[in-house]
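Notes for the one structure printed next.
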There are 2 protein chains.
Amino acid sequence: MTDTRWLDDTEMAAWRAFLSTSHLLERRIEEQLKAAAGLTHPQYEILVRLADAPDRQMRMTELARGVVVSKSALTYQITRLEKAGLVERTTCPSDDRGVLAVLTEAGLRCLERVAPGHLAVVRAYLVDRLTRDELEVMTTAMRRTERALRE
Amino acid sequence: MTDTRWLDDTEMAAWRAFLSTSHLLERRIEEQLKAAAGLTHPQYEILVRLADAPDRQMRMTELARGVVVSKSALTYQITRLEKAGLVERTTCPSDDRGVLAVLTEAGLRCLERVAPGHLAVVRAYLVDRLTRDELEVMTTAMRRTERALRE
DNA sequence: CCAGGATGGTTCAAATCTGAACAACAAGTA
DNA sequence: TACTTGTTGTTCAGATTTGAACCATCCTGG
């Protein structure tokens, strides 16, 4: 650890751009979702994941891994979404410890109502500004580091 | 707004990969900084920005813009860093409303001590896993959306 | 010179996130 | 069966973030 490998200009530029952009975009998305539906970004992501899942339900731990939040944060948000009537909790039939988060009809309708506005933001600031090649490069690059980060 | 432009497979893959990876990386960085120096990532970024600035000082608002946090979050963190002796507050000579955050000697030393470990993480999960071309594509792509997000 | 509107920072309340501690259950082993 | 170890989800305390409200200061047009 005695000699540090600093980042050269190319590397630093990439890292800084990535960092700033991800934070800026996150803020923008958060703002849009809050204004349009009173949802936070994690909450929206939970709805999306559940909608994509078989039977629109998922185990808590798996869901937390997918959305990339801590278990306790997920517990908090599911409770919140449950009170809003968008999600329900069911005990898992095959594992008495387990809890299944299930998307309700209201939750699905909410998602369908909110998705267009959300996607418009994702498009306006990111997707529509990247070429096809850039999108593909980003996907492979991001997936490579994602896999490393998930060990 | 009647017809929604959904994301096709390529677009969705890129967006999902970007989203997950940025969150995972953020968590990893946070974990490393906390363990190594008891710093949060925003705190670390503040030190970096100040170290790079002329006279190692910056106006609060400008700093908040750079680090991408709200003004109140910056106030909070600067107060925190001030108590830790890493940063000082000075009233701006040219504007009595203004406040200059100044990096102290201790702050600079702290940064120099912490940077290697932090950069090692950035390298291990992101920079070293991307080719030169990928780094450059990412930089131009990210900068394009960053510019849009900053209006 | 002054009113009126921007700008800079701080304070505040409310919401959220995290890790640690915990309790209940699962699953393999002797 | 009884033990041991690992997993699951919740609870809890503490830290942090955000936007709104606020005051002080700047600045421009009349």
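The sequence lines fix the lettering, A, B, ..., with proteins before strands; numbering per chain opens at 1.
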Which of these nucleotides, [options], is closest to any side-chain atom of [X]?
| X | options | value |
| --- | --- | --- |
| B:Lys71 | C:dG9, D:dT11, D:dT18 | C:dG9 |
| B:Ala73 | C:dG9, C:dT18, D:dT17 | D:dT17 |
| A:Ser70 | C:dT18, D:dA20, C:dA26 | C:dT18 |

Does [X] put a side-chain nitrogen or oxygen below 4.0 Å from OP1 or OP2 of [N]?
| X | N | value |
| --- | --- | --- |
| B:Arg59 | C:dG8 | no |
| B:Thr61 | C:dG9 | yes |
| B:Gln77 | D:dT17 | yes |

query: More 5' along DNA chain C: B:Met60 or A:Thr40, using each one's nearest nucleotide?
result: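 Per heavy-atom nearest nucleotide, the more 5' residue is B:Met60.
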Along DNA chain C (nearest heavy atom to each residue), the more 5'-positioned of A:Pro42 and B:Arg65: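 Its nucleotide being nearer the 5' end, the pick is B:Arg65.
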query: Taking the side chain from B:Ser20 and the backbone from B:Ala17, do they hold a donor-acceptor pair closer than 3.5 Å?
result: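 Answer holds: no.
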query: With no angle test and no hydrogens, is the base of C:dG9 tied to the side chain of B:Thr75 by a donor-acceptor pair under 3.5 Å?
result: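 No, the side chain and the base share no sub-3.5 Å donor-acceptor pair.
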query: Is there a donor N/O on one and an acceptor N/O on the other, under 3.5 Å, for the side chain of A:Arg97 and the base of D:dT8?
result: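 Flag unset: no donor-acceptor pair detected.
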- prompt: For DNA chain D, whose closest nucleotide is more 5', that of B:Ser72 or that of B:Tyr76?
  reply: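 Its nucleotide being nearer the 5' end, the pick is B:Tyr76.
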[atom1] of [X] versus [atom2] of [N]: gap in Å, rounded?
| X | N | atom1 | atom2 | answer |
| --- | --- | --- | --- | --- |
| B:Leu100 | C:dT10 | CG | C1' | 16 Å |
| B:Arg89 | C:dG8 | CZ | C1' | 13 Å |
| B:Leu63 | C:dG9 | CG | P | 10 Å |
| A:Arg80 | C:dC17 | CZ | P | 10 Å |
| A:Leu81 | C:dT16 | CG | C1' | 13 Å |
| B:Ile46 | D:dT16 | CD1 | P | 11 Å |
| B:Glu30 | D:dA15 | CD | C1' | 11 Å |
| A:Asp95 | D:dG6 | CG | C1' | 12 Å |

message: What's the separation between atom CD1 in B:Ile46 and atom CG in B:Leu111, rounded to the nearest 0.5 Å?
response: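 CG of B:Leu111 is found 12.0 Å from CD1 of B:Ile46.
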message: Are more than 12 heavy atoms, taken from residues, nucleotides or ligands other than A:Glu30, located less than 6.0 Å from that residue's CD atom?
response: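 Yes - once you tally the heavy atoms of other residues, nucleotides and ligands closer than 6.0 Å, there are more than 12.
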side-chain contact (heavy atoms from CB on, under 4.5 Å) partner of A:Val87, the single match among A:Leu47, A:Thr104, A:Val102: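 Among the candidates, only A:Leu47 passes.
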query: Do the rings of B:His41 and A:Trp15 sit parallel, tilted or perpendicular, given the 30° and 60° boundaries?
result: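 Geometry flag for A:Trp15 against B:His41: parallel rings.
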